[in-house]
Amino acid sequence: MTLHPSTDDWNKLQQHYEAIKNVHMRQEFAQDPKRFERFSIRFNDILFDYSKNRINQETIDLLIELAKSCELPEMIEKMFSGEKINQTENRAVLHTALRSRSRKPVYVDGVNIIPDIEFELSRVKRLAKMVRSREWLGATGQPITDVVNIGIGGSHLGPLMVTEALRPYGLHDLNVHFVANIDENHIIDTLENLKPETTLFIISSKSFTTQDTMVNAESARQWFLGRQPDERHLARHFVAVTSNAEAAQEFGIERQNIFKMWDWVGGRYSLWSAIGLSIVISIGPENFDQLLAGANEVDQHFKEAPFEHNIPVIMALIGIWYNNFFGAQTTAVLPYAQHMHRFPAYLQQADMESNGKFVDNQGKQIHYSTGPILFGEIGIPSQHAFYQLLHQGTKMVPVDILAPIFNFNGVSKHHNALMANVFAQTEALMKGRTEQEVSEEMAGQNYSESEVENIRPHKVFPGNRPSNTFLFETLDPKTLGALIALYEHKIFVQGVIWNINSFDQWGVELGKHLAATILNEINSAKVILGHDSSTDGLINYYKSRKG
Ligand code: F6P
């Protein structure tokens, strides 16, 4: 079921879909030599080409009408001004304030939050500078060579993704590591070659109650004290980022080593806050400022650009078009940039935790499709893995392809070959290859007539498969900040149109709750009988094997 029952705009779009669903993009490009100019937007260093989509001008006009009738302009205003749009948690949504440059006050419960943001950012930068310049010494007087961020979800994926993407901006003699998994192998492997005297742990947890993070933090502490038994030494080696300072203090972290988070920053939108401490240590305060500046420029663009020239709005509307009218279940994000290898994983949380909802803002069950299954990988390796399905599978998978025009190292032999693939793949997805083209190609080769008959159908590509292409100058902090903010706002727009709360995450609660009960059951000597037979059977089998 893909139709929103209550608005005329959805019905108009449905009729429009019926009219154009079989139109091939080849035809559209042949008829309109200006299609690329018509359906692309330039914003600072970014070119967003959305011409290879199954749309025409009417599609965009109708989708914009839909956005307006869903009160998108009002909702944008509400988000930026700090209204508590995250109703189920009674919270404002103000990651945009974290990158605001204007010093214009933003109020939460009557208090201007900008001075607090600036203060906390200055503390983060101060610590980062000291670690980078080797002024921050470990308890035995040695400088820090390794920083380990312990966190999960938004307290992990954003910092990891950015640190990896901006690897060339890091220091060679300072390594930043990330531990998220409660599987002990993650922390054991990470700490294997580290020395406590030169290691700084950042315990990143908004709540400071997340089990995975707490267990890893405790193991880190034991590892440290096992080698440096003096508890007073912890102060030079453990810092925390949290909104639960009491719990961090109880864990043993000194007050002055605790950095603040606020309840108006969602975990998956928090890399701009002190949760980005590992990023600031890795790339330095000036580059972090550039990251914030890039995101802030997108915030201005999102607030001010008319919808037809507004990149996040157009990204969102195209996503809605495929999700709700073509019935696409998935979307793929494919960066052609090695350093962006964690970008799809980061976006999985950003998008799927935000918009994977089946109940609307009024608490009613939804009967149309909401957030897509997002997956992705870096471009070239995935061509040799799952692109077969993108080109010839039975499912339509709209894709986003992202690529820098200049590589950081400027080795053009590699880069031109990389970019040739970007252009080739989007062309192939769009154009496909007809039976006639296959016949012509095979005619010039040594195939018998029967071989041509047998093989020809397998060499046909239906084409008409949609893609957006983002070209940007280089993968620098400012551009990365901008790209992340584009996706954040795309997710927000889609949430508004689907009438869901993109900022809560109740769907992660049940599993956590059950795991706590089951952990007690695993630790008890009793045979477990309270679940369904499968769960009981699995728990008891595990217990019997463990002995
Ligand atoms: O997975 C659920 C979640 O609450 C995420 O939204 C959040 O980013 C993650 O857990 C980590 O939470 P915390 O920072 O409180 O440890």
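Below, each value reflects all heavy atoms present in this structure, side chains not excepted, and no hydrogens, waters or symmetry copies. Atoms within a ligand are numbered from 1 in the order they appear, just like the ligands themselves.
Among all non-hydrogen protein atoms, the one lying nearest atom 5 (C) of ligand 1 is Glu353 OE1, 3.4 Å. Looking at atom 4 (O) of ligand 1, its nearest protein heavy atom turns out to be Lys512 NZ, 3.9 Å. Nearest protein neighbour of atom 2 (C) of ligand 1, counting heavy atoms only, is Val508 CG2, 3.4 Å. At the shortest separation from atom 15 (O) of ligand 1 among protein heavy atoms lies Ser207 OG, 2.6 Å. Given atom 11 (C) of ligand 1, the protein heavy atom at minimum distance is Ile152 O, 3.2 Å. Annotation: atom 12 (O) of ligand 1 to nearest protein heavy atom, Thr210 OG1, 3.5 Å.
Among residues at least two apart or in separate chains, ring-ring contact (aromatic ring centres under 6.0 Å, His included) pairs with a member in residues 330-357 are Phe343-Tyr487.
Only the side chain of Gln505 comes within 4.0 Å of ligand 1, counting heavy atoms alone; its backbone N, CA, C and O stay farther away.
Atoms CZ and CD1, on Phe288 and Ile279 in that order, are 5.5 Å from each other to the nearest 0.5 Å. Taking CD of Gln222 as the reference point, atom CZ of Arg227 lies at 10.5 Å (rounded to 0.5 Å).
Looking only at atom types and distance, the side chain of Ser207 has a donor-acceptor partner in the side chain of Thr210 under 3.5 Å away. A side-chain donor from one of Trp506 and Thr88 sits under 3.5 Å from a side-chain acceptor of the other.
Side-chain rings of His237 and Phe224 approach one another, their centers coming within less than 6.0 Å.
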Evaluation steps, side chain to side chain donor-acceptor pair (under 3.5 Å), between Asp146 and His177: CA-CA 7 Å; Asp146 293 273; His177 313 263; 2.8 Å; yes
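Residue contacts with ligand 1 include Gln349, since one or more of its heavy atoms lies under 4.0 Å from the ligand.
Close approach to Gly153 involves these atoms of ligand 1, each under 4.0 Å from a residue heavy atom: 8 (O). Annotation for ligand 1: atoms under 4.0 Å from non-hydrogen atoms of Lys206 are 13 (P), 14 (O), 15 (O). Within the listing of ligand 1, atoms 7 (C), 8 (O) sit less than 4.0 angstrom from a heavy atom of Gly154.
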Donor-acceptor pairs are to be reported for all side-chain atoms of residues 245-255 against protein atoms at under 3.5 Å, with residues two or more places apart or in another chain.
residue : atom : partner : partner atom : Å
Glu254  : OE1  : Gln256  : NE2          : 2.8

